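Here is the structure we will look at, set down as structure tokens.
Computed from a prediction, not measured in an experiment: that's the story for all the values here. Numbered from 1 within each chain, the chains take letters A, B, ... in sequence-line order. Hydrogens, waters and symmetry mates are skipped; everything else that's a heavy atom, side chains included, is used.
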Number of protein chains: 2
Amino acid sequence: MATDSDTPLSRRERERRTRRQAMLRAAESVFAEKGYPHATLEEIAERAEFGKGTLYNYFEGGKEEIFFAVLDTIYDELCDLIARSVADAANGTDPRARYHALVVRALAFYHDREDLFVILIKEAYRMCFSHDASKVAYFQRQQERMVNALLPMLQQADENGALRDLPLEAIAHLLIENIDGLIVHRAIMANHPDRPTSCQHQSILDDPEKAATFLTTMLFDGVAAPPSA
Amino acid sequence: MATDSDTPLSRRERERRTRRQAMLRAAESVFAEKGYPHATLEEIAERAEFGKGTLYNYFEGGKEEIFFAVLDTIYDELCDLIARSVADAANGTDPRARYHALVVRALAFYHDREDLFVILIKEAYRMCFSHDASKVAYFQRQQERMVNALLPMLQQADENGALRDLPLEAIAHLLIENIDGLIVHRAIMANHPDRPTSCQHQSILDDPEKAATFLTTMLFDGVAAPPSA
DNA sequence: TCACCGAATGACTGACCAGTCACCTTCCTT
DNA sequence: AAGGAAGGTGACTGGTCAGTCATTCGGTGA
């Protein structure tokens with residue numbers, strides 16, 4: 001990570017990384033389309049414009065190593081997204097504004113790079129119920145990273161007395177999970193716009209701003225009617 | 001459905017149904033353990049104590065038809081669970097109490113029949129991003145059934161002015177999704193109890209009553225601190 | 001008792017694919 | 001320019017598994 005620019009890389013090494021990146025991008029699109037089990041190395045190689053054997057020069061561990069390398073980039077981007085939204089001074093210290101910004105960015109990210117999210121949603125839940133302990137541990141570690149990226153904001157809010165007295169990790173999990181949930185919900189509805197749905201519901205799904213406001217209100221203030229109104 | 005007891009079934013027919021049920025039960029356990037892609041008909045047949053060919057006498061569509069038949073039973077049970085919790089007079093008309101009861105029942109159901117939930121979680125999300133429109137539609141239909149099972153309670157609460165003015169379908173989705181989320185969260189933590197976690201957080205996860213109370217508070221009253229306290 | 005038929009069976013087929021490796025190409029060094 | 005190293009390649013292998021079908025089994029009615 002930190003060694004990226006320590007020493008100027010040789011052309012060899014630069015080319016090697018470029019090729020590796022190309023392979024990862026190809027893998028990304030194939031995994032997203034087919035899901036892990038139906039993705040074939042043949043197709044990944046073809047899209048990356050390499051022979052299948054070449055993949056093994058870059059990823060000794062074969063299909064699985066490629067897959068986890070793709071997952072790593074996804075989680076890196078997500079953690080970065082969370083950290084940036086939370087740290088953005090424009091949102092002040094109001095946890096609602098910060099969460100709202102996070103949701104909007106997450107939806108934009110989904111819009112730009114649908115592939116990545118789809119891989120996560122298709123594979124992550126499967127992995128966390130896998131019987132292979134190392135896979136479960138990987139997933140757990142990545143979840144923890146995301147929660148930790150969100151925690152500073154919650155801690156600050158908590159110190160300001162803005163939060164109910166509940167475990168912060170649990171709140172962080174809930175806030176993150178619900179973003180996934182929202183994206184899934186939007187995706188399902190987008191695929192089949194012909195179902196009967198109230199206009200209000202539809203507009204919440206269509207407009208990222210409204211969706212973010214909806215989720216922020218739901219989670220921070222609850223679905224119960226406010227006492228005064 | 002309604003014809004189950006219209007005419008007394010012949011012994012032939014009764015036996016046929018019993019065998020079909022046995023096959024579905026076997027399939028359930030194999031799908032839960034291996035996930036759809038790694039489950040083999042060989043193993044399903046073996047656990048059901050039939051030959052592989054026999055499966056095709058009961059499910060012409062092969063593996064996929066068996067899988068959807070299993071999914072059907074899962075969704076039937078879940079809808080039933082929701083409807084029963086919501087209708088239970090013991091919970092009065094307070095939506096919090098009703099939702100709390102639903103969460104407790106869902107956790108108990110998960111405890112009893114972990115297999116079924118695991119199949120759902122492993123496969124349903126994958127399906128809803130599948131490129132096969134009929135699969136997406138199936139998933140959407142089942143989600144809709146669950147939402148509809150929950151809606152009466154929300155409508156009643158809404159008429160009593162107990163709910164914020166938000167689309168009821170969206171609220172229903174949120175309430176249901178968060179039960180899944182809670183179960184996943186518990187499952188992850190249960191697998192690896194050696195991670196650093198606050199005691200408070202741990203006890204929420206371990207005790208179904210506390211977990212249900214936590215989720216009910218979070219979703220109905222929000223994570224923000226109440227104004228007076 | 002026998003002939004019949006619906007049901008059960010599992011060896012077999014064809015398709016698929018991860019991973020290997022012997023060969024080829026490209027480019028650097030001397 | 002020759003020699004060699006580094007890297008690329010895709011035909012091939014071994015294994016897996018869904019789905020088929022010719023055969024066998026067992027219960028039933030004559």
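For the pair Arg20(B) CZ and dA8(C) P, the interatomic distance rounds to 13 Å; values are reported in whole Å. For the pair Leu55(A) CG and dT9(D) P, the interatomic distance rounds to 10 Å; values are reported in whole Å. Between His38(B) atom NE2 and dA18(D) atom P the separation is 11 Å, expressed in whole Å. In this structure, CD1 of Ile44(B) is placed 12 Å from C1' of dC17(D), rounded to the nearest angstrom. For the pair Leu41(A) CG and dG8(D) C1', the interatomic distance rounds to 16 Å; values are reported in whole Å. In this structure, Asn57(A) atom CG and dT25(C) atom P are separated by 17 Å, rounded to whole Å. Following rounding to the nearest Å, Ile66(A) (CD1) and dA18(C) (P) show an atom-to-atom distance of 10 Å. Between the CD atom of Glu64(A) and the P atom of dG19(C) there is a distance of 8 Å, rounded to whole Å.
Annotation for Met23(B) and Ala48(B): closest pair CA-CB, 4.0 Å, computed over non-hydrogen atoms.
Nearer to the 5' terminus of DNA chain D, by closest-nucleotide assignment, is the contact made by Phe50(A) (compared with the other of Glu42(A) and Phe50(A)). Comparing Gly53(B) and Arg16(B) along DNA chain C, the residue whose closest nucleotide (by nearest heavy atom) sits nearer the 5' end is Arg16(B).
With Phe31(A) as the fixed residue, the side chain to side chain contact (heavy atoms under 4.5 Å, CB included) test singles out one of Val118(A), Leu71(A), Ile44(A): Ile44(A).
Within 6.0 Å of atom CD in Glu46(A), 12 or fewer heavy atoms from other residues, nucleotides or ligands are found, so the atom counts as exposed in its surroundings.
Of the candidate nucleotides dA11(C), dA11(D), dG8(D), dA11(D) has the atom lying nearest to any side-chain atom of Lys52(A).
Within 4.0 Å (heavy atoms only), Thr54(A) reaches at least one base atom of the nucleic acid. Nucleic acid contact class of Gly62(B) (heavy atoms, under 4.0 Å, all strands): sugar-phosphate only. Counting any heavy atom pair closer than 4.0 Å across all strands shown, Ala48(B) reaches no nucleic acid atom. Among the atoms of the strands shown, only primed sugar atoms or phosphate atoms (P, OP1, OP2) are found under 4.0 Å from some heavy atom of Lys63(A). Across all strands, Phe59(A) comes closer than 4.0 Å to no nucleic acid atom at all (heavy-atom distances).
For the pair Tyr58(B) and dA7(C), the criterion of a side-chain N or O lying under 4.0 Å from OP1 or OP2 is not met. Between Arg19(B) and dA8(C) there is a side-chain polar atom (N or O) within less than 4.0 angstrom of OP1 or OP2.
A donor-acceptor pair under 3.5 Å is formed between the side chain of Arg186(B) and the backbone N or O of Leu205(B).
A tilted orientation is assigned to the rings of Phe50(A) and Tyr58(A), their planes being inclined by 30° to 60°.
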